[in-house]
Amino acid sequence: MTPEQLYAIWAPPDSVWSPWVLPVPFAELIFHEMPAPAQIPYSLEWIRERAGRHFAIVADLPGEEAIHYGLALLEFGFRPVPVIDGSPGPGGGVMIPPNPSIPGHKVSRSPSVVDMRGLLLALCQGAKPLKLARLSEDAPPAFLLDSKRMTGGVSDEQAFDNRWMVFPQDFPSARFLLSKGIKKVVFIHDTFQVQPQEDLAHILLRWQEAGIAVETKSARFGEAPVPIRVTRPYRFRAAWYRALAVLGLRRNDAGGFGGYPPPPSSGAG
Amino acid sequence: MRPEQWIPLRTRAIFDFCKWDVQCEDHSVLSPFPLLIEPATALFLNEAAEALALEAFSAEQEILERAQLIGRLGLPLEIEKKLRIASRAKPVFHALRVMRFDFHSTPQGWRISEVNADVPGGFIEASGWNSLFAGGMAGVSAPQSTSERYAQAVRDVVGEDGLVALVHATGYSDDRQVMQHLARRFAAHGLRTCLLSPAHLRWTEGRAEIHANFASGYPDAIVRFFPAEWLPNLRREDSWEGYFQRTHIPISNPGSAILLQTKRFPLVWDELRTDLSTWRRLLPQTIALIDTDFSPDNSWVLKPALGRVGERIGIRGITPDSDFRKIVVEARRSPERWVAQKRFEILPMPTPCGEKYPCIGVFTIGGEAAGYYGRIADNPIITQDAQDVAVLIRTTAEGKMA
């Protein structure tokens, strides 16, 4: 299977949400065989209780967990939409599965700040279940994000800095969502913070201000989602937010790009 | 264009040419129709761009030799200091200089709004998107591929198997895609490449060495896709000072390109001996904001000296009011980092998606015309929200979709 065949499975031509499946992680992917689907460990009973109601999901979970969560939602008729804008890093791509000729299947340390190997493997694992799923053209979307996108694991200035952010331009507008009958979004996280990360708050608050309800819940527990008021992020709706954010991303780090826009309390204008 | 035509074309753009940013909120970044130009127009654009490039090279050299002019260009202080030292170095090597001149159609003919002399973008579109679109049409031809021309130029300078460092903002996929695209084209011309951030290079006596946990070695050439004015933000000075010094390896583009990139470049024209007649004819009048009482009416465009992709450009009546007010405040606060440029009327053109404002970016490599990057927008400012449009040359009167 080629990268573009895998991309076509995740972004089929007949889905209205396909334009928002970012090609970045697919474009640099190298793999030789189709791995078995992953086991999905999440309890999703809360969705069953909301059967028949049309809402979108934004799952901001670490690495492969975001993809696995999206695959688990297939059973409930959701279309997983990976919004992953990070590049795996050097080496011309990531080989999936790892080369078995390497003694002991030794897993070397990723040269990149955000190790994306697990996430890429999960994208490959999604091919079979996605092909078998019979989703309708207007199946509600589950946008999938890597919650480690701005932090990563390696703090070596010689590492390949592949941290990234999401921007409003990466998602459909509130108007588009409403035109597809989406009046509510459930934000899924795995922390004790009910508020989204700064970059995601720019998107969720725009939607909320346009009349889309936002609820939140932890992926780890089975409780029902609860409504939240998204906290206004720094530079919300500011002109050239994207350019300024990227500038901030690049200013503060010798490795290139690790610093992010300072929070309002830091006093930056 | 029908979906059965459109989707394969878009897919080819993504996977064959690394065009990853294909969607912006609710609209496609790629235009579903091309911009057709006549051969005579193509010839005019090429000749004008080449004349502009040659005049620019000469002006840049003269500014370097007359270092007192550098301080008037609105550059970061650290860069100004380095360039004053560079002024004593040998003439700048031009064979790998890449520029993009942005042409607009006006009632008075073609005019340019600016030159992207530092890190011009648009390689993917000027190579992949143009050729993909041409493949599905009759009676048209694609302009020359900018990336092929670039790869050949680099290969001619460094030779087969030369190692080229592609320096970029690694965390920013919009830049990463350009580097991946160029790496493929360079490999096809027998070059080796290494994609890295500027922080992965250390400069010593005019040579750069790779310091990364994934690569090592000494590049034979450097392609810089990282704006010059951001380089001083790197923690280590030896990661960036080389771009502004005498080097033993070619850099595309050297740091001195910022002398042309700044929108304040026209403010020193009258003190140069260089003939800038093409620039004077094609670039609208540009003035300094001498006093903070300058009140821009509808006939002026406010531009920051080092703005990119249309950011912070202010046009009364077109820029949203609240943004325009912020721009005016900022320009009055730091007039030495802004200019006002006489506004020119851009002719909209009818398209299948309503009236649009086109802009044709003409690349030059080593001073020779090297392809077109087309964009169209709903209003006269070309920003990140503009669509990329294929630019094709009509070869028969019937040039149309096949």
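To find a chain, count down the sequence lines: A is the first, B the second, and so on, and within it residues start at 1.
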Sort A/F176 into side chain, backbone, both or neither according to what part of it lies under 4.5 angstrom from a heavy atom of chain B. both

Region of B/L195 in contact with chain A, defined by heavy-atom distances below 4.5 Å: backbone

Would you indicate whether B/D321, at its atom CG, is surrounded by more than 12 heavy atoms from other residues, nucleotides or ligands within a distance under 6.0 Å? no

Of all the heavy-atom pairs spanning B/F214 and A/P111, show the shortest one and how long it is. CB-CB, 4.0 Å

Which pair of heavy atoms, one from A/A159 and one from B/H200, lies closest together, and at what distance? O-NE2, 2.8 Å

Closest non-hydrogen atom pair, B/W20 against A/A27: NE1-CB, 3.2 Å

Side chain to side chain contact (heavy atoms under 4.5 Å, CB included) partner of B/Q23, the single match among A/S18, A/P172, A/P19: A/P19

Side chain A/W20, main chain B/C24, donor-acceptor under 3.5 Å: no

Is a donor on one side and an acceptor on the other found under 3.5 Å between the side chain of B/R176 and the backbone of A/G86? no

Return yes when atom CZ of A/R175 has more than 12 non-hydrogen atoms of other residues, nucleotides or ligands closer than 6.0 Å, and no otherwise. no

Distance-minimising heavy-atom pair for B/R10 and A/Y7: NH1-OH, 3.8 Å

As an exercise, state the distance from OG of B/S173 to CE of A/M165, rounded to the nearest 0.5 Å. 12.5 Å

So which of B/I7, B/I210, B/I14, B/D21 has the largest heavy-atom pair count under 4.5 angstrom toward chain A? B/I14

Separation of A/D85 CG from B/D174 CG (nearest 0.5 Å): 7.0 Å

Could you check if a side-chain atom of B/T170 sits within less than 4.5 angstrom of a side-chain atom of A/W164, using non-hydrogen atoms only? no

For A/E137, look at atom CD and say whether over 12 heavy atoms of other residues, nucleotides or ligands are found less than 6.0 Å away. no

Could you give the distance from OG (A/S110) to CG (B/N213), rounded to the nearest 0.5 Å? 8.5 Å

What part of A/S87 is in contact with chain B, defined as an atom under 4.5 angstrom from a non-hydrogen atom: side chain, backbone, both or neither? side chain

